Protein chains: 2
Amino acid sequence: MTKTGLTVDIVLFTIRDRQMQLLLIKRLAKPFAGRYALPGGFVLAHESVDAAAARELREETGLEKVYLEQLYTFGDPRRDPRGRVVTVAYYALIAPTQMLHAGTDASEAAWFPVSGLPTLAFDHRKIVEYAHNRLRNKLGYTNVGFELLPAKFTLTALQVVHETILGETLDKRNFRRKITQTGIVKPTHEWVKTGRKPAQLYKFRDGEVGR
Amino acid sequence: MTKTGLTVDIVLFTIRDRQMQLLLIKRLAKPFAGRYALPGGFVLAHESVDAAAARELREETGLEKVYLEQLYTFGDPRRDPRGRVVTVAYYALIAPTQMLHAGTDASEAAWFPVSGLPTLAFDHRKIVEYAHNRLRNKLGYTNVGFELLPAKFTLTALQVVHETILGETLDKRNFRRKITQTGIVKPTHEWVKTGRKPAQLYKFRDGEVGR
DNA sequence: ACAAAAGTGTTCCATATACACCCATGT
DNA sequence: ACATGGGTGTATATGGAACACTTTTGT
């Protein structure tokens, strides 16, 4: 029974300034010391792989109870110069209003727009692309979009989320009709002064959907 | 750096007698000796996880170059009574015309309809359900259906594939129009006497798509 | 002759798309 | 007053769903 190293890596997305952004951490240790990499680390002996992903995310960002979904497992024997390390990749989504607490190890973490990433360690570039694709597809048949917004949001903010993920502009009237007619959002009757004219806040159908 | 056991398991589907069927192998060794399980085994030290899946499938069935896609990684620490073993699950599709060669280890292999499986070893029941769902979904936006047919097939045979995967009957005229109008199949002008009236054989768009 | 599977069109409905103006407020 | 983002309706095109009969052959 051969044994292998097993890690998890997390692509943590948010939307800021109408751009998809993701969190990278500057590596302190070899290999790839000084390079940016995805948050992640080794799976411990007695935890599930899913739990390892949640733990690493918590340790490196302070985030709990975020949307976290397994992506794909990358198992090329040469993906890690230390030797055989298989990684199970996840992606996570948070609202830009959620703040991060610095990790216990004071490594340097920073947000980067997906369209302007530095050179990444390991095969993390490939993982990011895989995650970005998954997110785009998933937007079409699920409600993942809401995970990138706070509990209450304007319809324009929701549209910006969709436009940013899809990389194309959408017609305002068609978008609003589709969203409101499916009953997926409920008006809160609260109003915010975001631009000039106040906008109504909406919330996701049944409360907060696991946030 | 903790190390864990790593296996691959393969859900090999085919369609026979208008039923989804999958291949199971009776385990000889402990744990779960005597129980049926999915074909699979340990990932070797220097092979990629994908290669391990292809190798196990070849060793246990003689099949090469079949459609093989990674599904999901199951990492509950209690899923294997021997201790920590994470498995990367795959699913594979073959035409019912493709014959299997018995594996080198003369273990007992048999086809079972998905709707009448025996009790399975490990968490393999969960893996099968995951694979079955993936296949159903994937049929809607890809051409996986063709992987369950020989290179040349009648439109009725293709419809049976779709009906069997979806578990519902489809309208013949709507189905044929959709298939032929997208140009996804080409008529071969060969005819087979399957029922009473001869039926035309079609083939998938560009040759054999990796079979 | 009859049973069995092959083959073939049209209508309707739902959903997606294209498109432009007025409104409330802050500066 | 004007600039900014919020909010609203209609017409057309497209894709999916419902629906029944004729044809060819083997028995």
Side-chain angles (χ1 to χ4, degrees), chain A residues 15-19 96-97 136-143 145 149-150 152-203, chain B residues 15-19 96-97 136-143 145 149-150 152-203:
Chain A
I15 291 179
R16 244 172 246 255
D17 307 327
R18 298 191 173 229
Q19 285 189 313
T97 50
R136 263 193 296 262
N137 291 331
K138 199 124 186 175
L139 189 65
Y141 60 95
T142 68
N143 302 317
L149 289 170
K152 297 173 183 177
F153 49 85
T154 64
L155 291 185
T156 298
L158 181 59
Q159 185 175 344
V160 168
V161 165
H162 281 245
E163 288 178 337
T164 306
I165 295 175
L166 298 175
E168 58 186 306
T169 59
L170 301 172
D171 180 87
K172 201 203 293 194
R173 285 163 293 183
N174 292 340
F175 180 79
R176 292 165 100 96
R177 185 181 32 249
K178 188 161 76 171
I179 293 295
T180 52
Q181 279 189 358
T182 59
I184 195 75
V185 296
K186 288 197 305 193
T188 65
H189 307 291
E190 295 173 64
W191 301 77
V192 280
K193 292 163 204 130
T194 163
R196 299 303 168 86
K197 183 175 175 179
Q200 188 167 187
L201 288 173
Y202 287 75
K203 60 181 176 183
Chain B
I15 292 180
R16 242 172 248 256
D17 307 328
R18 298 189 173 229
Q19 286 189 313
T97 49
R136 265 193 294 259
N137 291 331
K138 198 125 187 175
L139 189 65
Y141 60 95
T142 67
N143 301 317
L149 289 170
K152 296 174 184 175
F153 49 85
T154 64
L155 292 184
T156 298
L158 181 59
Q159 185 175 345
V160 168
V161 165
H162 282 245
E163 288 178 337
T164 306
I165 295 175
L166 298 174
E168 58 186 306
T169 58
L170 302 172
D171 180 87
K172 201 202 294 195
R173 284 163 295 183
N174 292 339
F175 179 79
R176 292 165 100 95
R177 173 152 26 89
K178 188 161 76 172
I179 293 294
T180 52
Q181 278 187 358
T182 59
I184 196 76
V185 295
K186 289 197 304 194
T188 64
H189 306 292
E190 296 174 64
W191 302 77
V192 278
K193 291 163 204 127
T194 163
R196 299 303 168 86
K197 185 176 173 178
Q200 188 168 189
L201 287 172
Y202 287 75
K203 59 182 176 182

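Order of the sequence lines sets the chain letters (A, B, ...), proteins ahead of strands, with each chain counted from 1. Just so we're clear, the structure is a prediction, and the values are computed from it rather than from any experiment.
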For B/F153, enumerate each residue passing the ring pair (Phe, Tyr, Trp, His ring centres under 6.0 Å) test, keeping only those at least two apart in sequence or located in another chain.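 B/F146.
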In whole Å, what is the span from the [atom1] atom of [X] to the [atom2] atom of [N]?
{"X": "A/L155", "N": "D/dG5", "atom1": "CG", "atom2": "P", "result": "17 Å"}
{"X": "B/K197", "N": "C/dA6", "atom1": "NZ", "atom2": "C1'", "result": "4 Å"}
{"X": "B/R196", "N": "C/dG7", "atom1": "CZ", "atom2": "P", "result": "16 Å"}
{"X": "B/L158", "N": "C/dA6", "atom1": "CG", "atom2": "C1'", "result": "15 Å"}
{"X": "B/K193", "N": "D/dT27", "atom1": "NZ", "atom2": "P", "result": "11 Å"}

Would a 4.5 Å heavy-atom cut-off, applied to side chains only, mark A/R176 and A/I179 as touching?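 No - every pair of side-chain heavy atoms lies 4.5 Å or more apart.
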Once side-chain contact (heavy atoms from CB on, under 4.5 Å) is applied, do any residues pair with [X], and if so which ones, sequence neighbours excluded?
{"X": "B/R16", "result": "B/T14, B/Q21, B/P96, B/M99, B/W111"}
{"X": "A/T142", "result": "A/K138, A/V144"}
{"X": "B/T180", "result": "B/L155"}

Counting only side-chain N and O atoms of A/T156, is one of them less than 4.0 Å from OP1 or OP2 of D/dG5?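 So the side-chain polar atoms of A/T156 never come under 4.0 Å of the phosphate oxygens OP1 or OP2 of D/dG5.
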Please table the atom pairs, donor to acceptor, closer than 3.5 Å between any side-chain atom in residues 157-165 of chain A and protein atoms at least two apart or in another chain.
{"from": "A/Q159", "atom 1": "NE2", "to": "A/E163", "atom 2": "OE2", "distance (Å)": "3.1"}
{"from": "A/Q159", "atom 1": "NE2", "to": "A/L170", "atom 2": "O", "distance (Å)": "2.9"}
{"from": "A/E163", "atom 1": "OE2", "to": "A/L170", "atom 2": "N", "distance (Å)": "2.8"}
{"from": "A/T164", "atom 1": "OG1", "to": "A/V160", "atom 2": "O", "distance (Å)": "2.6"}

Counting only heavy atoms and a strict 4.0 angstrom limit, can you tell me which residues of residues 168-185 of chain B come near DNA chain C?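 Here the set is B/K172, B/R173, B/N174, B/R176, B/R177.
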